[in-house]
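In what follows, chains are A, B, ... by sequence order, proteins preceding strands, each numbered from 1.
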There are 2 protein chains.
Amino acid sequence: MATATIRDVARTAAVSVASASRALNGHPSVTPATRTRVLEAADALNYVPHLGARSLSTRRSNTIGVVLPDLFGEFFSEIIRGIDYAAHRRGLQLLLSNMHGSAQETAAALRAMRGRVDGLLVMSPQLDADFLAHNLPKGLPAVVLNGRIEGARHASIAIDNQAGAHAAVAHLVEQGCKRIAHLSGPKGNADADERARGFRDAVATMLGDHDPIVLAGDFSEEAGIAAGTALAGRDVDGIFSANDIMAIGCMAALTEAGRMIPGDIAMVGFDDVPIARYVTPALSTMRVHIAQLGESALERLVATIEADEPPEATAEFLMPELVVRASSARTGTVTSTKGPHDRTQGRVV
Amino acid sequence: MATATIRDVARTAAVSVASASRALNGHPSVTPATRTRVLEAADALNYVPHLGARSLSTRRSNTIGVVLPDLFGEFFSEIIRGIDYAAHRRGLQLLLSNMHGSAQETAAALRAMRGRVDGLLVMSPQLDADFLAHNLPKGLPAVVLNGRIEGARHASIAIDNQAGAHAAVAHLVEQGCKRIAHLSGPKGNADADERARGFRDAVATMLGDHDPIVLAGDFSEEAGIAAGTALAGRDVDGIFSANDIMAIGCMAALTEAGRMIPGDIAMVGFDDVPIARYVTPALSTMRVHIAQLGESALERLVATIEADEPPEATAEFLMPELVVRASSARTGTVTSTKGPHDRTQGRVV
DNA sequence: CTGTTAGCGCTTTCAG
DNA sequence: CTGAAAGCGCTAACAG
């Protein structure tokens with residue numbers, strides 16, 4: 001039994017499809033009598049409108065496309081949660097697509113959105129402006145999340161990584177650290193690169209250290225463990241990790257190697273993923289309101305869509321905030337450490 | 001500059017739209033010559049097919065609708081990850097929709113999928129079969145995840161909660177626990193109810209305890225903390241929590257109240273969310289391969305769609321496995337406890 | 001092999 | 001206020 005169409009409803013109600021459509025959509029110019037007849041017919045037939053057809057004709061899908069590099073880890077689930085939250089309150093649906101890797105696939109994912117969404121949210125820390133400009137379907141509003149934006153022609157919203165790195169280093173220095181190392185993210189990733197740059201800048205100016213130890217990581221826990229093992233025997237009293245997950249792996253490896261945290265080495269991560277406050281010691285980190293990042297991006301996109309004007313290529317930056325927890329507290333800065341694992345928010349500076 | 005349509009491509013290539021369509025879709029019966037002409041034209045115009053239109057005509061969207069009760073927490077992000085993984089390898093997109101609460105909204109979400117997806121994945125531990133039967137658009141293949149399935153007319157895949165609860169209790173008993181309490185999930189949630197039932201059964205048969213302590217929770221960390229506080233002063237030496245998050249909150253509260261875990265009280269959770277192995281002590285739990293649950297559900301749905309037959313209303317059950325970590329190890333069962341937080345998989349029984 | 005002709009299901013002028 | 005008709009962009013018979 002094929003699902004009923006608006007035609008069936010019209011026929012049953014003995015009106016034209018036009019009237020049926022109007023009645024169904026609450027259009028004002030319909031006699032109360034016809035309206036009820038149509039509504040009853042629809043109900044009787046258990047009619048459900050075919051949204052695909054509707055959007056073809058209205059050129060509106062009420063759907064936002066979301067393209068992500070991956071779905072793994074808390075960072076992305078938080079982003080999606082934020083996007084969903086904002087989308088839900090506006091009655092928008094989300095069409096998800098992740099490009100597991102290759103640029104080829106990314107291009108395909110981007111194109112696959114054409115004709116199914118009203119706008120695009122693209123998160124691609126490793127894609128450059130040219131690629132995007134070339135592969136984003138023309139005429140489709142888009143907001144780029146968290147990507148490098150130089151020379152881009154679309155709106156973007158990103159984290160102020162350099163400032164974050166500075167703040168992290170400043171905090172470590174304040175804790176008395178003299179030899180600070182950096183555990184970096186994957187080369188080519190905009191966020192990672194900016195954090196590394198910010199780190200180098202900061203240690204150079206604050207510590208006069210022009211050749212700090214920088215270990216190449218890839219944002220994975222394994223990379224953190226490897227780095228921890230490598231760092232255990234070296235002359236280091238502070239570490240700034242490009243993300244929390246690596247910091248956590250690194251702390252585990254260091255502890256196992258007998259180094260005390262924060263006693264011997266103070267640690268600061270980046271992101272403030274939910275897990276950060278559960279580990280022991282609780283991880284100090286640069287908090288990015290991840291979910292809110294997603295939320296803002298969606299709001300921004302909706303504004304662009306509604307304005308129906310050439311998307312302003314403005315960039316928006318979010319400043320992360322320092323959250324001090326046990327992993328970096330060497331000078332009594334942390335006031336509350338209640339249990340074995342400190343579940344408090346931490347001191348926000 | 002409105003995006004080019006297949007018409008434009010056809011005109012530019014000087015062929016009919018039919019030929020253009022055929023060439024674009026790699027249909028065999030097209031002269032190499034025309035094919036290249038079309039492809040070149042498409043390239044020149046930067047043509048991107050309008051998938052909405054295509055699916056209207058093919059009655060195929062290559063999209064799966066996913067309806068969830070919420071997006072919060074690791075359980076759901078893991079589920080989505082699993083679904084996405086399977087969808088991606090089949091070239092399917094995901095249309096997400098979550099019903100923040102009300103049945104009203106859920107019904108709307110379900111209907112909103114009509115005409116935009118080839119099948120539905122519905123996850124609704126608190127919805128009954130009647131509601132679903134009445135609100136799922138007829139003729140749309142659907143697989144229900146993790147819900148109560150009695151009397152349902154659609155395929156379902158769920159966790160064997162009773163068996164899981166039994167195994168958890170058996171483990172606690174084996175550890176020497178005599179007075180085991182249960183921290184339950186929200187009433188009306190199928191999983192929660194089944195776990196509670198399994199718990200009661202188990203303590204009755206294994207311990208002869210016909211009136212065990214059961215605290216009502218709601219799957220949140222706060223509920224766990226409250227329960228921990230309430231339980232701290234009572235005569236209890238083992239706790240089976242209906243999910244991990246509550247178990248974690250409970251452990252924190254108990255520890256703060258001065259009770260040792262697992263010394264005084266052994267704890268076992270349910271789910272094995274990623275955080276479980278990061279807390280201190282690492283949490284023993286009934287592992288559900290959450291991501292795999294999502295994966296299986298998608299595979300199942302795809303099979304149903306391809307078979308194009310009345311969806312078999314078969315139920316599939318996944319047996320969770322016991323993972324022993326520090327929180328319940330009172331008899332030297334855990335062989336490796338390497339660091340301050342044991343990051344090993346735990347002993348799987 | 002290619003072009004013509006109908007739709008997919010819905011909305012929306014444009015006349016009545 | 002209502003109906004007929006023309007599409008939205010694409011695919012799929014059916015003839016040539």
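Between A:N25 atom CG and C:dT13 atom P the separation is 13 Å, expressed in whole Å. Atom NE2 of A:H27 is separated from atom C1' of D:dT2 by 12 Å (rounded to the nearest Å). Rounded to a whole Å, the CG atom of B:D8 is 13 Å from the C1' atom of D:dC10. In this structure, CD1 of A:I6 is placed 13 Å from C1' of D:dG3, rounded to the nearest angstrom. Residue B:R22 contributes atom CZ, which lies 14 Å from atom P of C:dT5 at whole-angstrom precision. Distance NE2 (B:H50) to C1' (C:dC8): 13 Å, rounded to an integer number of Å. The OH atom of A:Y47 sits 10 Å away from the P atom of C:dG9 (whole-angstrom rounding). For A:R11 and C:dG9, the CZ to P distance is 12 Å, given to the nearest whole Å.
Looking only at distances, no side-chain donor or acceptor of B:H27 sits under 3.5 Å from a matching main-chain atom of B:S29.
With D:dG3, D:dT11, C:dG3 as the choices, the nucleotide that has an atom nearest any side-chain atom of A:A18 turns out to be D:dG3. With D:dC1, D:dT11, D:dC10 as the candidates, the nucleotide lying closest to the side chain of A:T31 is D:dC1. The side chain of A:V15 sits closest to D:dG3 out of D:dG3, C:dT2, D:dC10. Counting only heavy atoms from C-beta on, A:V17 has its side chain closest to D:dA5 among C:dT2, D:dA12, D:dA5.
Residue A:S55 has no polar side-chain atom (N or O) positioned under 4.0 Å from OP1 or OP2 of C:dC10. Taking side-chain N and O atoms only, A:S19 has a distance below 4.0 Å to OP1 or OP2 of D:dG3.
A salt bridge links B:R81 with B:E78: the distance from a Lys NZ or Arg NE/NH1/NH2 to an Asp or Glu carboxylate oxygen falls below 4.0 Å.
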What are the atom names and distances for every N/O pair under 3.5 Å that joins the protein to nucleotides 6-8 of chain D?
residue : atom : partner : partner atom : Å
D:dC8   : O3'  : A:R59   : NH2          : 3.0
D:dC8   : O2   : A:L56   : O            : 3.4
D:dC8   : O2   : A:S57   : N            : 3.2

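Across B:Y47 and B:I6, no two heavy atoms sit closer than the pair CE1-N, 3.5 Å. When all heavy atoms of A:L96 and B:Q93 are compared, the pair lying nearest together is O-NE2, 3.5 Å. The two atoms that bring A:V143 and A:R300 nearest to each other are CG2-CG, 4.1 Å, heavy atoms only. Shown here for B:P141 and B:G139, the closest heavy-atom pair between the two residues is CD-O, 3.5 Å.
In this structure, B:R35 and B:R54 both approach DNA chain C, and ranking their closest nucleotides by distance from the 5' end singles out B:R35.
Residue B:L95 holds its CG atom at 9.0 Å from CG of B:L120, rounded to the nearest 0.5 Å.
By the 6.0 Å contact criterion, OH on A:Y85 is open, its count of non-hydrogen atoms from other residues, nucleotides or ligands being 12 or less.
Using a 4.0 Å heavy-atom cutoff across all strands shown, A:S21 reaches at least one base atom of the nucleic acid. Backbone-only contact: A:T34 has heavy atoms under 4.0 Å from sugar-phosphate atoms and none from a base. Using a 4.0 Å heavy-atom criterion, one finds that B:S29 contacts the bases of the nucleic acid, with or without backbone contacts as well.
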